[in-house]
*Asks:* 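Right, I'll just put the structure down here and ask away after.
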Amino acid sequence: MTITEIRNKDYESLRNLFLNERQRTFSWLDPSEFQLDDFEKHIQGETVLVALIDDIPVGFISIWIPTNFIHHLYVDQKHQGKNIGTELVKAAIEKTQFPITLKCLQQNSKAIDFYRRKGFVEKEKGASDHGTYILFELLENIN
């Protein structure tokens, strides 16, 4: 696996990955809320790092650099559990400064478990259109 900044040829695969994984992950939401063209809207102005296996995108992380905020982290379901998410977070750390923050919906228990295992700590909770979110903060490198 390699990690690189997003390339023009990655967009189509990542549009599909983003749509599919959001529909699968956020099963409690109406799947029609998610559209194929959401990807470009959600990453606008962000640094996007892509995990590639055999030059095929299998995951990505997007970071809003001005505030060291991880906006999105998605790994294709077929490639989860293979440290791809961990490697994407490590790559994001190299592009940012501590503290790094992110928000995660409280109902997304799999992601919450992942972030806690990586050393992110809960700072606060808040309300969003899709339910309660947890604001996480990372103060040091992960393993």
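Just so you know, these numbers come straight off a predicted model, no measurement behind them.
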*Asks:* Using the salt bridge (Lys or Arg N to Asp or Glu O under 4.0 Å) rule, collect all pairs that involve residues 57-70, keeping only residues at least two apart or in two chains.
*Replies:* none

*Asks:* Between I53 and H79, is a side chain to side chain contact (heavy atoms under 4.5 Å, CB included) present by the stated rule, with each step listed?
*Replies:* CA-CA 10 Å; I53 295 178; H79 296 280; 3.7 Å; yes

*Asks:* In chain order, what residues pass the side chain to side chain contact (heavy atoms under 4.5 Å, CB included) check against N20, with sequence neighbours excluded?
*Replies:* N16, Q23

*Asks:* Only one of I70, L88, I142 passes side-chain contact (heavy atoms from CB on, under 4.5 Å) with I93; say which it is.
*Replies:* I142

*Asks:* Testing the basics here: between L105 and I112, what is the closest heavy-atom pair and its distance to 0.1 Å?
*Replies:* O-CD1, 3.6 Å

*Asks:* Is it possible for you to say whether F18 and I43 belong to one hydrophobic cluster, with membership spreading through side-chain heavy-atom contacts below 4.5 Å?
*Replies:* yes

*Asks:* The criterion is side chain to side chain contact (heavy atoms under 4.5 Å, CB included); which residues satisfy it with R24, sequence neighbours excluded?
*Replies:* E21, Q77, Q80

*Asks:* If hydrophobic residues (ILVMFWY) are linked whenever their side-chain heavy atoms come closer than 4.5 Å, directly or via other members, who joins W64 in its cluster?
*Replies:* F69

*Asks:* Which residue pairs pass the salt bridge (Lys or Arg N to Asp or Glu O under 4.0 Å) test with at least one member in residues 87-98, sequence neighbours excluded?
*Replies:* E5-K95, E87-K90

*Asks:* Count I, L, V, M, F, W, Y as connected when their side-chain heavy atoms are under 4.5 Å apart, and connections chain through other members. Are V89 and L139 then in the same cluster?
*Replies:* no

*Asks:* Hey, any chance L36 and F26 share a hydrophobic cluster, counting ILVMFWY side chains that come within less than 4.5 Å of each other, even indirectly?
*Replies:* yes

*Asks:* Looking at residues at least two apart in the chain, or sitting in another chain, which of them share a side chain to side chain contact (heavy atoms under 4.5 Å, CB included) with Q106?
*Replies:* K125, T132, I134

*Asks:* Nearest 0.5 Å please: distance from the OH atom of Y74 over to the OG1 atom of T25.
*Replies:* 6.0 Å

*Asks:* What salt bridge (Lys or Arg N to Asp or Glu O under 4.0 Å) pairs are there with at least one residue in residues 129-143, not counting sequence neighbours?
*Replies:* K123-E137

*Asks:* How close do I63 and A92 get, heavy atom to heavy atom, and via which atoms?
*Replies:* CD1-CB, 3.7 Å

*Asks:* Test L135 against T101 for side chain to side chain contact (heavy atoms under 4.5 Å, CB included), laying out the working first.
*Replies:* CA-CA 7 Å; L135 177 68; T101 58; 4.1 Å; yes

*Asks:* Looking at every non-hydrogen atom in both residues, tell me the closest pair between L17 and G59 and how far apart they are.
*Replies:* CD1-N, 3.8 Å

*Asks:* Keeping to residues at least two apart or across chains, list the salt bridge (Lys or Arg N to Asp or Glu O under 4.0 Å) pairs with something in residues 51-65.
*Replies:* R7-D55, K9-D55

*Asks:* Honestly curious: do L73 and I84 fall in one hydrophobic cluster under the side-chain, below-4.5 Å linking rule?
*Replies:* yes

*Asks:* With sequence neighbours excluded, what pairs up with D30 under the side chain to side chain contact (heavy atoms under 4.5 Å, CB included) test?
*Replies:* S32, E33

*Asks:* If we check side-chain contact (heavy atoms from CB on, under 4.5 Å) with V50, which of these qualifies: I6, I3, I61?
*Replies:* I6

*Asks:* Can you check whether F39 and F34 have ring centres sitting under 6.0 Å from each other?
*Replies:* no

*Asks:* Give the minimum heavy-atom separation between P57 and D10, together with the two atoms involved.
*Replies:* CG-OD1, 3.5 Å

*Asks:* Is any side-chain heavy atom of H130 closer than 4.5 Å to one of L29?
*Replies:* yes

*Asks:* Measure the spacing between CD of E122 and CD of E124 and express it to the nearest 0.5 Å.
*Replies:* 9.5 Å

*Asks:* So, using ring-ring contact (aromatic ring centres under 6.0 Å, His included) as the criterion, who are the partners of F136 when residues are at least two apart?
*Replies:* none

*Asks:* Given the rule that I, L, V, M, F, W and Y join up when any side-chain heavy atoms are under 4.5 Å apart, are F60 and I65 in one cluster?
*Replies:* no

*Asks:* May I have all residue pairs that pass ring-ring contact (aromatic ring centres under 6.0 Å, His included) and include part of residues 81-127, sequence neighbours excluded?
*Replies:* Y115-F120

*Asks:* How long is the span from the NZ atom in K110 to the SG atom in C104, to the nearest 0.5 Å?
*Replies:* 12.0 Å

*Asks:* Mind jotting down which residue pairs meet the side-chain hydrogen bond (donor to acceptor under 3.5 Å, both in side chains) criterion with at least one end in residues 36-46? Sequence neighbours excluded, please.
*Replies:* R15-E40, R22-D38, H42-H72, E46-S62, E46-H71

